[in-house]
Amino acid sequence: MLALTRKKGEALVLNNNIEVTILEIRGDQVKIGVSAPKEVPIYRKEVYLQIQKENEESSNAENMELLKNMF
């Protein structure tokens, strides 16, 4: 993992087309802004993990249904 220090108003550029800017620092919270092309999905990690879990469960259910139909 790369760890960087940024101040309010400073930014990072990822992959030449995604910019992450520090908007506000208040206590132990940091507000960030992300500018990216519309086709780049952006999720909070807890939401992303939930989506992954639901996709895996759905895939497993579909695979079980396919197996049942084979026999």
Side-chain angles (χ1 to χ4, degrees):
M1 174 188 296
L2 174 63
L4 300 170
T5 302
R6 301 278 72 203
K7 295 178 182 177
K8 181 178 175 181
E10 294 182 334
L12 303 170
V13 176
L14 308 171
N15 200 35
N16 295 321
N17 62 351
I18 301 170
E19 185 173 315
V20 180
T21 304
I22 306 303
L23 300 176
E24 183 178 339
I25 303 168
R26 189 180 297 173
D28 63 348
Q29 289 190 330
V30 177
K31 185 183 285 189
I32 61 172
V34 180
S35 297
K38 290 185 180 194
E39 64 271 9
V40 176
I42 301 171
Y43 302 103
R44 294 188 327 259
K45 186 172 182 178
E46 63 273 15
V47 172
Y48 176 79
L49 293 175
Q50 183 64 34
I51 292 169
Q52 293 298 95
K53 180 181 175 187
E54 290 174 6
N55 286 344
E56 184 178 322
E57 289 171 358
S58 175
S59 176
N60 288 340
E62 289 172 10
N63 289 339
M64 290 302 290
E65 191 63 34
L66 288 171
L67 286 174
K68 286 180 187 176
N69 291 337
M70 289 177 68
F71 297 106

Same apolar cluster: V40 and V34, side chain cutoff 4.5 Å: yes
Atom CG of L14 and atom CG of L12: how far apart are they, to the nearest 0.5 Å? 6.0 Å
By side-chain contact (heavy atoms from CB on, under 4.5 Å), Y43 pairs with (sequence neighbours left out) P41, V47, Y48, I51
Ignoring hydrogens and angles, tell me if any N or O in the side chain of Q29 forms a donor-acceptor pair with the backbone of R26 under 3.5 Å. no
Closest contact, heavy atoms only, T21 versus G9: CG2-O, 4.1 Å
Is there a path of hydrophobic side-chain contacts, each under 4.5 Å between heavy atoms of I, L, V, M, F, W or Y residues, that connects L23 with V20? no
Step-by-step side chain to side chain donor-acceptor pair (under 3.5 Å) determination, Q50 to E54: CA-CA 6 Å; Q50 183 64 34; E54 290 174 6; 3.0 Å; yes
Residue list, side-chain contact (heavy atoms from CB on, under 4.5 Å) with S35, at least two apart or on another chain: E19
Over all heavy atoms of both residues, which pair between I22 and R6 is shortest? Give the atoms and the distance, please. CG1-CB, 3.7 Å
